[in-house]
Every structure is written in structure tokens, then in C-alpha cells.
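Down below is the structure, laid out as C-alpha cells.
We're numbering straight along the sequence, starting at 1.
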Amino acid sequence: QVQLVESGGGLVQPGGSLRLSCAASGSIFSVGAMGWYRQAPGKQRELVATITDGGSTNYADSVKGRFTISRDNAKNTVYLQMNSLKPEDTAVYYCNAYLRHTIASIRLSYWGQGTQVTVSS
């Protein structure tokens, strides 16, 4: 059993900042790539940022220069620091992680339950 638990969402004014966290727990041998996705009402889920277990990052063009993804491998946790937030950043943000349960198992994709981020004055 594996859980991804997200925290840090909320309501913020335009130009403000939020920091999201996502901790993986349960039967985990190793954690591979982790990432954040978001889904706004009436839209498809889209990639926000990803980070490999080696620390390489990738960002959607819409968030480059404003968002920073990082991870703490000792805590199996990924973070998303969001600065200069805009109303169009409003969405449910989902954490994703590729995990191995044992040394011999393949990596499986897991999702968190989502956390709401609302940017509004």
C-alpha cells in the first residue's frame, strides 16, 4: 500500500506565493521521478513540473521562472514553490511519483488526491 499525501494548497492573491508538499509513504523500495500536474475546471490535466531522482527538472513554459520543483530523497517528498501566482494558475494540483515496491519490481505510477490552489483577489 502506497500513499501520496499533498499539502499546502489554499487561497492566495495574485502575485503571492504558495509551497506545495507531497510525501510518499508505505511499501516503498525506491522513488524515481516525481512531479506536479494540475487540472483547471473544464480543462485536461497538464504537466506543471517534474524532477528525476537525480535532480534533473522540467517545467511547463507557463510556469518557468515562477515555480521551482525540488525533492528530499530521504523523506520521499517533493515540493513545488510557486511564486508570482496568477489567476490562471488556479487549479487542483496533483502529485505524481514512480515507485518500486521491491528491488525486483517495476516502477509504478501513483497519484495523490489533489490539493486546490485558488489565485484570486
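Rounding to the nearest 0.5 angstrom, the gap separating the OG1 atom in Thr115 from the CD atom in Gln113 is 7.0 Å. Taken to the nearest 0.5 Å, the OG1 atom of Thr50 stands 9.5 Å off from the CG atom of Asn96.
Hydrophobic clustering (ILVMFWY, side-chain heavy atoms < 4.5 Å, transitive): Trp111 and Val2 are in distinct clusters. The same ILVMFWY cluster, assembled from side-chain heavy atoms under 4.5 Å apart, contains both Tyr94 and Leu47.
Between Ser121 and Pro14, the closest heavy-atom pair is N-CD, 3.7 Å. For the residue pair Cys22 and Leu4, the shortest heavy atom distance occurs at SG-CB, 3.9 Å. Scanning all heavy atoms of the two residues, the minimum distance from Ser17 to Ser84 falls at OG-N, 4.4 Å.
Judged purely by atom type and a 3.5 angstrom limit, Gln13 has no side-chain atom pairing as donor or acceptor with the backbone of Ser120. In this structure, the side chain of Ser105 engages the main chain of His101 through a donor-acceptor pair within 3.5 Å. The main-chain N or O of Tyr98 is never found under 3.5 Å from a side-chain atom of Arg107 such that the two would form a donor-acceptor pair. Remark: side-chain polar atoms of Tyr59 are paired, donor with acceptor, to backbone N or O of Ile69 under 3.5 angstrom.
Counted within 6.0 Å of CD on Gln44, heavy atoms from surrounding residues, nucleotides or ligands total 12 or fewer; the atom is thus considered open.
In this model, a donor atom of one side chain and an acceptor atom of the other lie less than 3.5 Å apart for Thr118 and Gln116.
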Could you tabulate the donor-acceptor pairs under 3.5 Å formed by side-chain atoms of residues 23-39, not counting sequence neighbours?
unit_1	atom_1	unit_2	atom_2	d
Arg38	NE	Glu46	OE2	2.7
Arg38	NH1	Asp89	OD1	3.0
Arg38	NH1	Tyr93	OH	2.9
Arg38	NH2	Glu46	OE2	3.3
Arg38	NH2	Ser62	OG	3.4
Gln39	NE2	Lys43	O	3.1

Show me the donor-acceptor pairs within less than 3.5 Å that the side chains of residues 72-81 make with the rest of the protein, sequence neighbours left out.
unit_1	atom_1	unit_2	atom_2	d
Asp72	OD1	Ala74	N	3.1
Asp72	OD1	Lys75	N	3.3
Asn73	OD1	Arg71	NE	2.6
Asn73	OD1	Arg71	NH2	3.3
Thr77	OG1	Lys75	O	2.8
Gln81	NE2	Asn83	OD1	2.9

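Contact of the Phe67 side chain with the Val48 side chain is registered, since non-hydrogen atoms from C-beta on lie closer than 4.5 Å. Between Leu11 and Val119, the closest side-chain pair of non-hydrogen atoms is not below 4.5 Å.
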Exercise. Taking it one step at a time, do Leu18 and Val117 satisfy side chain to side chain contact (heavy atoms under 4.5 Å, CB included)?
Worked result: CA-CA 9 Å; Leu18 282 175; Val117 171; 3.9 Å; yes
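Residues meeting the salt bridge (charged side-chain N to carboxylate O under 4.0 Å, His left out) test with Arg19, sequence neighbours left out: none.
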